There are 2 protein chains.
Amino acid sequence: MNSFVSTYKKSVNNLENISCKHCALYRICLPKEASECELYALDNIIDRQHNLKRNTWLFNEGDPFKAIYAIKSGCIKTYRLTPKGKEQVCGFYLPGDIIALDAIETGIHTCSAKIIQATHVCAIPYKKFETLSQAMPGLQQQLVRIMSREIASQQWFVTLLGKKSAEERVAAILCNLSDRLEVRGYSPNELILGMSRHDLGDYLGLAIETISRVLGRFHQDGLLTAKGKHIQLHQPDQLRALAGYS
Amino acid sequence: MNSFVSTYKKSVNNLENISCKHCALYRICLPKEASECELYALDNIIDRQHNLKRNTWLFNEGDPFKAIYAIKSGCIKTYRLTPKGKEQVCGFYLPGDIIALDAIETGIHTCSAKIIQATHVCAIPYKKFETLSQAMPGLQQQLVRIMSREIASQQWFVTLLGKKSAEERVAAILCNLSDRLEVRGYSPNELILGMSRHDLGDYLGLAIETISRVLGRFHQDGLLTAKGKHIQLHQPDQLRALAGYS
DNA sequence: CGGGGGGTTGATGAGTGTCAATACCTGTGG
DNA sequence: CCACAGGTATTGACACTCATCAACCCCCCG
């Protein structure tokens, strides 16, 4: 059972051997139409892994780069450790997202990826992908688009960290998750967070106590109901306004 | 006269019509060896603009995306406006850097690019580039590498904003600029900043007064000499340690 | 039933932002 | 050449947000 939302999609249950063409995440994963043969070729090099358990790592900072990963289900956080041993979460990645793009140039992972909810991923061995895309430039155009999207979303995040108050940050991440879940076919107002308060704090640059307090205040103001990881948004528009849009 | 460093390189003076092959920034701009014909093809589509004046814009948030830009000289900041009208600087870009990568997917610029020191850029029309790379996949591999580098460097920046104190932030950006200037052949310890304290503050998520105070403290401690935009690093190693590495 | 991790709540203080006054540069026009 | 104006940087006093520390609760799991 996917833990993000109550209305779980049956179609994503048997994940291991679905081809890209028939994958429910097709629209999210690949930004523009891909040709039949591109999809077929991609299918052939994809290494379908399964069942990554909670609290395990997909890769670690410093590991050699082998593949990029498409998430089929679950939730992964990427993070970097500061010299003092604190972790800065760089992103929460949901089904359809692609990670490890930061490692392509150096060949070394610059962040760690930890499974925070039972997850399935497709591994796309990068060497094979590069070879393949010599013949199929369309494939690499897809990759460029995905990377562009990642850069734009990091800019959004940078603005959040640089300029927003604690309330705005919490509101913003809730709206952001809501939007992303909606695109994936889930209810936008019934979130079941995949991450702990601790993770949220390490993402937003706030202490867990602050997260807790802000959520409490939102709760009191009738904006939402927060019970542990279950969050119901009652006034999403007002939350969005508070976030300074999402 | 380039304003970043006192030891200005003569070779970059006549910038307008130099081909990529002979450009002094070749090694920085293109992450891996490019073939003769790739370079030649690239040269042919590049639109060489010149003489962008200080305090003008290369593009603005919301503008339609036409081209990516390689900086030949000068300094550009990219930024996004918050709903309250404050600006979050997303990055300072130096000669050899490439900007507008965030706009490829949506076709709309997600940030503004302002010239903060007289600048020369090469514009690479993206449509033409895409067409060209159908025939030359190596070109697009270059782009992927550049984008990967950008993503990794944004992760560094996110860690700075999320986890570091004012002192660490200022130390970190100084070390970062020092490193980047050194790669470009300038002295690493004699910085002439292209950006104002205001820009620095809007980048680091700090008030200008805080920047000023931190620099003052560093000055007192003998780490550096700061006189307006001229900054001499006296103890770069200690600064680096303070930054929690760069 | 008991233990432990995760979450909440309260009191306090440190680190920065804000506001205001002042000094400093830079370019402009007389 | 100097005087002036406008932007830019510095310095000080104060306020406020948020981190820290500590106690407690809740709930899940063994």
Side-chain angles (χ1 to χ4, degrees), chain A residues 1 3 53-55 77 82 84-89 114 116-117 160-173 191-221 224-231 242, chain B residues 1 3 53-55 77 82 84-89 114 116-118 160-172 174 191-220 224-231 242:
Chain A
M1 181 87 183
S3 70
K53 294 224 180 79
R54 228 187 131 198
N55 293 327
K77 72 170 176 186
T82 67
K84 288 167 197 155
K86 302 198 165 185
E87 68 180 56
Q88 174 62 45
V89 173
K114 186 170 186 183
I116 56 178
Q117 289 298 324
L160 183 150
L161 288 176
K163 286 281 176 300
K164 294 192 189 264
S165 69
E167 289 206 348
E168 291 170 324
R169 292 183 201 198
V170 174
I173 181 62
L191 318 183
I192 302 186
L193 301 183
M195 64 292 291
S196 66
R197 299 281 188 276
H198 204 90
D199 292 333
L200 277 176
D202 283 341
Y203 178 67
L204 298 174
L206 299 171
I208 47 171
E209 295 93 331
T210 304
I211 308 274
S212 207
R213 272 185 260 270
V214 170
L215 282 178
R217 228 174 297 156
F218 286 169
H219 194 138
Q220 276 197 327
D221 298 350
L224 49 74
T225 308
K227 241 189 188 174
K229 301 198 172 180
H230 296 58
I231 296 189
L242 241 171
Chain B
M1 181 83 183
S3 70
K53 294 223 180 82
R54 226 185 133 201
N55 293 327
K77 72 170 175 185
T82 67
K84 288 169 199 152
K86 301 197 164 183
E87 67 180 58
Q88 174 62 45
V89 173
K114 186 170 184 181
I116 57 178
Q117 289 298 325
L160 182 151
L161 289 177
K163 287 282 178 299
K164 294 193 189 265
S165 69
E167 288 206 349
E168 290 169 326
R169 292 183 200 197
V170 174
L174 289 177
L191 317 182
I192 303 187
L193 301 183
M195 64 292 292
S196 65
R197 300 280 188 274
H198 203 92
D199 291 334
L200 276 176
D202 283 341
Y203 179 67
L204 297 174
L206 299 171
I208 48 171
E209 294 93 331
T210 305
I211 308 274
S212 208
R213 272 185 260 268
V214 170
L215 282 177
R217 227 175 298 156
F218 285 169
H219 193 135
Q220 275 196 329
L224 49 75
T225 309
K227 241 191 189 173
K229 301 199 170 177
H230 296 57
I231 295 190
L242 242 169

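Note that the structure is predicted; figures quoted are calculated from it, not measured. Letters A, B, ... are given to chains in the order of the sequence lines, protein chains preceding strands, and every chain is numbered from 1. Just so you know, these numbers use all the heavy atoms, side chains as well, and skip hydrogens, waters and symmetry mates.
When atom types are taken as modelled, the side chain of Arg169(B) and the backbone of Leu161(B) share a donor-acceptor pair closer than 3.5 angstrom.
The separation between Arg54(B) atom CZ and dG27(C) atom C1' is 11 Å, rounded to whole Å. A straight line from CG of Leu193(A) to C1' of dG7(C) spans 13 Å, rounded to a whole angstrom. The distance from atom CG of Leu200(A) to atom P of dT8(C) is 11 Å, rounded to the nearest whole Å. Rounded to an integer number of Å, the gap from Arg213(B) CZ to dA20(C) C1' is 12 Å. A straight line from CG of Leu204(B) to P of dG15(C) spans 18 Å, rounded to a whole angstrom. Counting to the nearest Å, the C1' atom of dT9(C) and the NE2 atom of His219(A) are 15 Å from each other. Atom NZ of Lys227(B) and atom P of dC24(C) are 12 Å apart (whole Å). One interatomic measurement links the two molecules: CD of Glu209(A) to P of dA11(C), which rounds to 15 Å at whole-angstrom precision.
Of all nucleotides listed (dT9(C), dG7(C), dT16(C)), dG7(C) comes nearest to the side chain of Arg197(A). In this structure, of dG17(C), dG7(C), dG10(C), it is dG7(C) that holds the atom nearest to the side chain of Ser196(A).
Between His219(B) and Thr225(B), some side-chain heavy-atom pair lies under the 4.5 Å cut-off. Taking 4.5 Å as the limit, some side-chain heavy atom of Leu200(B) sits within range of a side-chain heavy atom of Leu193(B). The shortest side-chain heavy-atom distance between Leu215(B) and Leu174(B) falls under the 4.5 Å cut-off.
Using a 4.0 Å heavy-atom cutoff across all strands shown, Gly205(B) reaches sugar-phosphate atoms only and no base atom. Using a 4.0 Å heavy-atom distance criterion, Leu206(A) is classed as a sugar-phosphate-only contact. Among the atoms of the strands shown, none is found under 4.0 Å from any heavy atom of Lys163(A).
Residues satisfying the side-chain contact (heavy atoms from CB on, under 4.5 Å) test with Arg213(A), not counting sequence neighbours, are Glu209(A), Arg217(A).
Interface limits on DNA chain D: the 5'-most and 3'-most nucleotides within less than 4.0 Å of chain B heavy atoms are dA9(D) to dA13(D).
Considering only side-chain N and O atoms, Lys229(A) lies nowhere under 4.0 angstrom from the phosphate OP1 or OP2 of dG5(C).
Residue whose closest nucleotide on DNA chain D sits further toward the 5' end, between Ser212(B) and Ala207(A): Ser212(B).
The heavy-atom pair separating Glu168(A) from Leu242(A) by the smallest distance is CG-O, 3.3 Å.
One distance of note links CD of Gln117(B) with CG of Asn55(B); it measures 9.0 Å at 0.5 Å rounding.
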